[in-house]
Amino acid sequence: MEKDILKILLSEEQIQKKICELGKQISREYKDKNPIMICILRGAVFFLTDLLKNITEPLEIDFFSLSSYGTSTKSSGIVKIRKDIDTDILNRHVIIVEDIVDSGLTLKYIYDYLEKHNPASVKICVLLDKPKAHEIDIKIDFLGFEIGNDFVVGYGLDYSEKYRNLSYIGILKEEIYS
Ligand code: IMP
Ligand code: MG
């Protein structure tokens, strides 16, 4: 795997330090709110578990899965629910936990879908954001890092289901997907 990585963008230490800060922020803002953290499969799994260990308030978790990406590095925009949430979120405080925002279309779809269930609130927590790639306005409430438009893998993020188990986030060599 290592030989396919052009450059390490974020080390394990940098990621963990940032997640510790995000955990503290969420703990403060969700005191006595018992939020439901909805993890978007599969990329956000690493982020969710590390984040949970840094939140000191009671919470619940659930999982949601969409297909829109296939094996390409560009979103097809076609969204299909693969796994719905199992929790009733009516009047509950929801935090969407996602790995990365590119065009923003995936997150917008999820946000609008969850809003229809009439939760008390919906906020968005994202590890990586590619602001230059946004195609729509998207408000990120808790953010790890802003990055450029390179395709990145590791720490849960994949290319064609590979590289998720790298402990850092790296830029994938273009020759791998071009
Ligand atoms: P969007 O709908 O264009 O914002 O795409 C978001 C989804 O695309 C994320 O949930 C990821 O699964 C995937 N994605 C976007 N950029 C990358 C990347 O650089 N590496 C790996 N996955 C990515
Ligand atoms: Mg994803």
Side-chain angles (χ1 to χ4, degrees), residues 1-12 14-16 18-19 22 36-52 61-85 94-116 122-178:
M1 291 194 290
E2 310 270 336
K3 69 175 189 341
D4 299 344
I5 304 301
L6 180 69
K7 178 181 145 198
I8 296 180
L9 192 64
L10 296 163
S11 69
E12 206 176 341
Q14 285 174 295
I15 298 168
Q16 293 305 329
K18 183 65 78 172
I19 290 178
L22 287 174
I36 301 174
M37 307 197 50
I38 299 181
C39 173
I40 311 306
L41 295 173
R42 307 178 176 93
V45 166
F46 285 50
F47 180 37
L48 176 83
T49 57
D50 282 336
L51 186 59
L52 291 180
I61 61 170
D62 202 342
F63 296 87
F64 187 75
S65 179
L66 284 178
S67 50
S68 67
Y69 236 64
T71 55
S72 120
T73 55
K74 274 260 170 296
S75 180
S76 67
I78 302 159
V79 190
K80 202 177 123 215
I81 296 178
R82 242 186 332 219
K83 189 226 162 278
D84 204 345
I85 48 169
V94 169
I95 306 172
I96 302 170
V97 181
E98 173 64 310
D99 51 2
I100 187 164
V101 179
D102 191 40
S103 70
L105 295 171
T106 305
L107 209 47
K108 174 159 184 6
Y109 178 91
I110 298 168
Y111 187 93
D112 291 347
Y113 176 80
L114 295 175
E115 271 282 320
K116 287 196 192 110
V122 183
K123 287 202 176 183
I124 294 176
C125 176
V126 170
L127 183 61
L128 305 172
D129 182 29
K130 295 181 177 175
K132 292 191 202 85
H134 289 192
E135 287 171 25
I136 48 164
D137 259 352
I138 195 109
K139 183 176 170 276
I140 300 171
D141 302 285
F142 306 100
L143 174 65
F145 305 91
E146 281 191 358
I147 63 169
N149 276 351
D150 305 291
F151 195 83
V152 293
V153 293
Y155 194 70
L157 290 123
D158 73 308
Y159 170 64
S160 204
E161 292 307 320
K162 202 174 162 188
Y163 310 105
R164 291 194 198 276
N165 54 324
L166 291 172
S167 57
Y168 55 83
I169 291 167
I171 297 174
L172 190 63
K173 284 184 182 166
E174 244 179 77
E175 66 207 55
I176 305 297
Y177 57 84
S178 57

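Remember, it's 1-based here, ligands and their atoms both numbered in the order they're listed.
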Are any of the N/O atoms in Gly104 less than 3.5 Å from those in ligand 1?
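Min N/O separation from ligand 1 is below 3.5 Å for Gly104.
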Short N or O distance, Val153 and ligand 1, threshold 3.5 Å exclusive
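No, no N or O pair falls under 3.5 Å.
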Where the closest heavy atom to [atom] is concerned, which of [options] has it?
| atom | options | answer |
| --- | --- | --- |
| atom 19 (O) of ligand 1 | His134, Lys130, Arg164 | Lys130 |
| atom 18 (C) of ligand 1 | Tyr159, Phe151, Tyr109 | Phe151 |
| atom 2 (O) of ligand 1 | Thr106, Asn149, Ile110, Ile171 | Thr106 |

Quick one: which of Leu114, Val97, Leu48, Ile95 gives a side chain to side chain contact (heavy atoms under 4.5 Å, CB included) with Ile38?
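With Ile38 as partner, side chain to side chain contact (heavy atoms under 4.5 Å, CB included) holds for just one option, Leu114.
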Between Phe64 and Tyr113, what is the shortest heavy-atom contact and its length?
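Smallest heavy-atom distance, with atoms named: CE1-CE2, 3.6 Å.
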Can you see which heavy atom on Ile19 is nearest to which on Phe47, and at what distance?
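Shortest heavy-atom contact: CD1-CD1, 3.7 Å.
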Which of the numbered atoms in ligand 1 are under 4.0 angstrom from any heavy atom belonging to [X]?
| X | answer |
| --- | --- |
| Asp158 | 21 (C) |
| Leu157 | 20 (N), 21 (C), 22 (N) |
| Ser103 | 1 (P), 2 (O), 3 (O), 4 (O) |

Decide whether the shortest distance between a heavy atom of Leu107 and an atom of ligand 1 is less than 4.0 Å.
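For ligand 1, residue contact (heavy atoms, under 4.0 Å) with Leu107 is absent.
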Taking a cutoff of less than 4.0 Å between a non-hydrogen atom of the residue and any ligand atom, is Leu128 in contact with ligand 1?
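Contact check Leu128 vs ligand 1: negative.
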Partners of Lys7 by salt bridge (charged side-chain N to carboxylate O under 4.0 Å, His left out), sequence neighbours excluded?
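If we apply the salt bridge (charged side-chain N to carboxylate O under 4.0 Å, His left out) test to Lys7, skipping adjacent residues, there are no hits.
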List for me each residue that meets salt bridge (charged side-chain N to carboxylate O under 4.0 Å, His left out) alongside Asp150, sequence neighbours excluded, and say none if there are none.
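Listed in chain order: nothing, the list is empty.
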When you check the gap from the basic side-chain N to the acidic O, do [X] and [Y] get nearer than 4.0 Å?
| X | Y | answer |
| --- | --- | --- |
| Glu161 | Arg42 | yes |
| Lys132 | Asp102 | no |
| Asp112 | Lys116 | no |

How does Glu98 reach ligand 1, by side chain, by backbone, by both or by neither, if only non-hydrogen atoms under 4.0 Å count?
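The answer is the side chain of Glu98.
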